[in-house]
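Note sheet for the following structure.
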Amino acid sequence: MSCNVGSTDRIIRILAGLALIAWALMGGPAWAWIGVVPLATGLFKFCPVYPLLGMNTCGTNKK
């Protein structure tokens, strides 16, 4: 897995993921647990959908 999620994209994903998980923990809707996905993609710096779309916000192909 090479890096395909850049710095700004990563920060947004992590913050959005944490916000959704916090909302779910505070009694929000069950679908808010989807925040695990952006959190994981931000932490691992890899989004499995980006290669399918030909996208890369990382700038360089680091491993």
Side-chain angles (χ1 to χ4, degrees):
M1 289 186 330
S2 60
C3 171
N4 67 2
V5 175
S7 299
T8 304
D9 191 4
R10 184 176 183 215
I11 291 168
I12 292 169
R13 288 170 182 265
I14 292 171
L15 291 176
L18 289 173
L20 284 167
I21 292 168
W23 186 23
L25 288 171
M26 293 187 320
W31 62 262
W33 285 106
I34 196 73
V36 170
V37 174
L39 179 62
T41 59
L43 292 175
F44 291 115
K45 300 181 189 176
F46 179 77
C47 177
V49 177
Y50 274 12
L52 298 173
L53 299 175
M55 295 178 64
N56 183 349
T57 60
C58 192
T60 60
N61 288 328
K62 296 179 187 174
K63 291 209 175 190

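Owing to the predicted nature of the structure, the values given are computational and were not obtained by experimental measurement.
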When you look at Arg13 and Cys47, which way does the side-chain contact (heavy atoms from CB on, under 4.5 Å) test go after all the steps? CA-CA 10 Å; Arg13 288 170 182 265; Cys47 177; 3.7 Å; yes
Please tabulate, for side-chain N and O atoms in residues 17-27, each donor-acceptor pair with protein atoms closer than 3.5 Å (sequence neighbours left out).
none

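Placement of Ile14 and Ile11 in two distinct hydrophobic clusters is found when ILVMFWY residues are connected by side-chain heavy-atom separations under 4.5 Å, directly or transitively.
Arg10 CZ to Thr41 OG1: the interatomic distance, rounded to the nearest 0.5 Å, is 10.0 Å.
A 4.5 Å side-chain heavy-atom check between Phe46 and Pro51 finds at least one atom pair inside the cut-off.
With sequence neighbours left out, the ring-ring contact (aromatic ring centres under 6.0 Å, His included) criterion links Trp33 to no other residue. Residues passing the side-chain hydrogen bond (donor to acceptor under 3.5 Å, both in side chains) test with Thr57 are Asp9, sequence neighbours excluded.
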